[in-house]
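All values below were derived from every heavy atom in this structure, side-chain atoms included, with hydrogens, water molecules and symmetry-related copies excluded. Numbering of ligands and ligand atoms starts at 1, following listing order.
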Amino acid sequence: MAIGVAVPAGRSAKSILKSVERQAIVNRHFSQLTAENIMKPSYLHPAENRFYFDDADALVEYAASQGKTVHGHTLIWHYGLPNWMNDFTGDTAAWTAMMTDHITEIMSHFAAEDIVVSWDVVNEAIADIDNDENGLNDLRNSIWQDNIGAGYLAAAFRAAHAADPNADLYYNDYNIAGVPAKRNAVLDLVKQFQEDPNPVPIHGIGFQMHISVTWPDIDQIRESFALAASTGLKVKISELDIAMNTDRSRKPMSLTEFTVAVAVQQQKRYEAIVAAYMDEVPEAQRGGISVWGITDRDSWQRSYNAHEWPLLFDDDLKPKPALQGFADGLTGGM
Ligand code: XIL
């Protein structure tokens, strides 16, 4: 099973390619990399007729040289888009052609090497609200939804499969472990894909899992993993981090220091999450578990809260008790 980590790369000062300390951690503890930012649409497709692969190629080469795979993140999203895409004009056919070309060019570029083994084809397409109160959260407004309609999802997966028939194709989203109406909307989407007379190629559901030490409840998480597994698709924890001091509206809470007691709480929470995944997802369906960053120092959560420690390695790049918790979860499962 892949154990992955999101890494900074490209021009970032924290780039894995420039940091031997970070490389040492990645090489020892992880088998898969996700580019934290440099494989998003704005990086790979900066102008309508121009793709920029140099930084991503360097990362993929690095992964290959270390015997690691790469999880591609992400092709179609409402965020992280280049300006030209946001400003694109045309009818439905023109928008579909533009989307298809975007997916095809990027996936074909990486297909031959077989290091990028999976992709988040569509990221965060479900909204956080259920306006029509049908028990399923609605599709999020985005340039894709607004210009192509709901059919953009199936079209994106079909284009992705045509471009790289060997890649595992994921639908990826946040809060789906803990918000039943959002989770159920994802399950409903998968069901529609599977029941289509011409089934839509999808291989996995990605649970981002930017969670906190208290939310979601572990029983809720287990139920969500089990329901996702019951689709027959792979299940991946794609962006795990566990906030210890940030509330759900991203406001800092009261801690100013990462105490031993807090570290132990986090260790137990990592263990519980990983064990839940191992228990609820059958081996053949385990797409793996990736954490969203190597060290607390680099975590995106620090941009909301300077006093946050969500990852497995501390500011000095030393392993935290959370790392042991993660490991114990892997072996303690079924
Ligand atoms: C975040 C990165 O970690 C940040 O560095 C960047 O500024 C914004 O994006 N869900 C996703 C990721 O799918 O792409 C996001 O990554 C975190 C939330």
What atoms of ligand 1 come closer than 4.0 angstrom to any heavy atom of [X]?
X: His210; value: 10 (N), 17 (C), 18 (C)
X: Asn123; value: 13 (O)
X: Trp292; value: 2 (C), 3 (O), 12 (C), 14 (O), 16 (O), 17 (C)
X: Gln208; value: 10 (N), 11 (C), 13 (O), 18 (C)

### Lys191 atom NZ, over 12 foreign heavy atoms within 6.0 Å
no
### Query
What do you reckon, is CG of Asp87 surrounded by more than 12 foreign heavy atoms closer than 6.0 Å?
yes
Judging by distance only, is a nitrogen or oxygen of [X] under 3.5 angstrom from one on ligand 1?
X: Glu239; value: yes
X: Lys40; value: yes
X: Asn37; value: yes
X: Glu36; value: yes

### Query
Would Lys68 count as a cation-pi partner of Tyr62, with NZ or CZ less than 6.0 Å from the six-membered ring centre and within 45° of the ring normal?
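Geometry flag: not set, cation outside 6.0 Å or 45°.
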### Message
I'd like to know if Trp77 contacts ligand 1, where contact means a heavy-atom distance under 4.0 Å to any ligand atom.
### Response
yes
### Task
Compare all side-chain heavy atoms of Trp215 with those of Arg248 and state whether any distance is below 4.5 angstrom.
yes
### Query
Parallel under 30°, tilted from 30 to 60°, perpendicular over 60°: which one fits the rings of Phe51 and Phe53?
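Phe51 vs Phe53 ring planes: parallel.
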### Task
Apply the test salt bridge (Lys or Arg N to Asp or Glu O under 4.0 Å) to residues Asp120 and Lys40: give CA-CA distance (whole Å), side-chain angles for both, the deciding distance (0.1 Å), then the verdict.
CA-CA 10 Å; Asp120 292 327; Lys40 291 174 177 173; over 6 Å; no
### Message
Checking side chain to side chain donor-acceptor pair (under 3.5 Å) between Gln208 and each of Asn123, Asp173, Asn175, which is the one that passes?
### Response
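The option that passes is Asn123.
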